[in-house]
Amino acid sequence: MVSVLVDADGCPVVDLTITVAKSYNLKVTLLCDTAHYMQRDGADTIMVSQGADAVDFVLVNRVQKGDIVVTQDYGLAAMVLAKRGYAIDQNGRWYTSENIDQLLDSRHMSKKIRQAGGRLKGPKKRQKEDDEKFEKSFNKLCEFATNN
């Protein structure tokens with residue numbers, strides 16, 4: 001059975017994810033560290049000690065082939081894809097074998113710019129349309145995952 005795992009630290013679509021997953025009868029597990037603990041009806045919560053990538057490592061060790069992971073972390077998404085899971089970001093973009101290398105490269109270049117003292121523009125303020133786009137795309141991913 002397909003499960004949905006959410007990298008819940010700072011995730012703006014936790015409630016929307018639970019609502020959509022419920023319509024497909026999918027189990028939802030939220031993973032967060034002690035600084036971001038959350039509890040939601042319709043989902044289990046796993047709390048992890050604080051630490052660099054602590055939530056990511058627990059999540060990737062739990063993901064099974066065909067599971068769906070909601071994350072904005074490219075590195076975590078790459079590990080999920082390696083385990084033959086599906087990954088989607090908070091804006092509805094599916095991480096795939098076709099786009100993950102470019103996304104990881106972009107992350108690496110951004111880190112180099114920041115380390116050299118450069119500044120990068122942050123993400124724009126989240127809009128209602130962003131949630132609608134995520135919901136539509138997540139519905140498609142749930143449909144796809146449950147039929148494969």
Quick one: closest heavy-atom pair of Val28 and Gly42, and the distance? CB-O, 4.1 Å
Give the C-alpha distance, both sets of side-chain angles, the deciding distance and a yes or no for side chain to side chain contact (heavy atoms under 4.5 Å, CB included) between Val70 and Gln90. CA-CA 7 Å; Val70 179; Gln90 74 280 0; 5.5 Å; no
Please name all residues satisfying side-chain hydrogen bond (donor to acceptor under 3.5 Å, both in side chains) with Ser137, sequence neighbours left out, ordered by chain then number. Trp94
Report the residues that fulfil salt bridge (Lys or Arg N to Asp or Glu O under 4.0 Å) with Asp9, sequence neighbours left out, ordered by chain and then residue number. none
Asp33: partners by salt bridge (Lys or Arg N to Asp or Glu O under 4.0 Å), with sequence neighbours left out: none
Give the table of side-chain donor-acceptor pairs shorter than 3.5 Å for residues 141-148, with sequence neighbours excluded, one pair per line with atom names and distance.
residue : atom : partner : partner atom : Å
Glu143  : OE2  : Asn147  : ND2          : 3.0
Thr146  : OG1  : Cys142  : O            : 2.8
Thr146  : OG1  : Glu143  : O            : 3.1
Asn147  : ND2  : Glu143  : O            : 2.9
Asn148  : ND2  : Phe144  : O            : 2.9

What's in the same ILVMFWY side-chain cluster as Tyr37, cut-off under 4.5 Å, chained through other members? Met47
Given side chains that start at C-beta, do those of Ser3 and Leu26 come closer than 4.5 Å, heavy atoms only? no
Counterpart residues, salt bridge (Lys or Arg N to Asp or Glu O under 4.0 Å), relative to Arg93 (two or more places apart): Asp89
So Tyr95 and Thr71, do their side chains get closer than 4.5 Å, heavy atoms only? yes
I'd like to know if the side chain of Thr34 reaches the main chain of Ser49, judged simply by a donor and an acceptor atom lying under 3.5 Å from each other, with no hydrogens or angles considered. no
Residues Tyr86, Thr96; criterion side chain to side chain contact (heavy atoms under 4.5 Å, CB included); working and verdict: CA-CA 8 Å; Tyr86 303 105; Thr96 67; over 6 Å; no
Can you find a heavy atom in the side chain of Asp67 that is under 4.5 Å from one in the side chain of Val4? no
Stepwise side chain to side chain contact (heavy atoms under 4.5 Å, CB included) test for Asp56 and Val58: CA-CA 6 Å; Asp56 297 350; Val58 171; over 6 Å; no
Starting at CG of Asp41, measure out to CD1 of Ile18 and round the result to the nearest 0.5 Å. 8.5 Å
I'd like to check the salt bridge (Lys or Arg N to Asp or Glu O under 4.0 Å) partners of Lys136; sequence neighbours left out, ordered by chain and number. none
Heavy-atom side-chain contact between Ile46 and Val48 under 4.5 Å: yes
For Phe138 and Val13, run side chain to side chain contact (heavy atoms under 4.5 Å, CB included): C-alpha distance rounded to whole Å, both residues' side-chain angles, the deciding distance at 0.1 Å, then the answer. CA-CA 11 Å; Phe138 186 55; Val13 292; over 6 Å; no
For residues 75-83, which side-chain donor-acceptor pairs fall under 3.5 Å, sequence neighbours excluded?
residue : atom : partner : partner atom : Å
Lys83   : NZ   : Val60   : O            : 2.9
Lys83   : NZ   : Val63   : O            : 3.3

All side-chain hydrogen bond (donor to acceptor under 3.5 Å, both in side chains) counterparts of Arg126, not counting sequence neighbours: Asn91, Asp131
Sorted by chain and residue number, the side-chain hydrogen bond (donor to acceptor under 3.5 Å, both in side chains) partners of Glu132 (sequence neighbours excluded) come out as none
With salt bridge (Lys or Arg N to Asp or Glu O under 4.0 Å) as the rule and sequence neighbours excluded, what pairs involving residues 10-26 come up? Asp15-Arg40
Could you tell me which residues satisfy side-chain hydrogen bond (donor to acceptor under 3.5 Å, both in side chains) with Asp130, sequence neighbours excluded, listed by chain and number? none
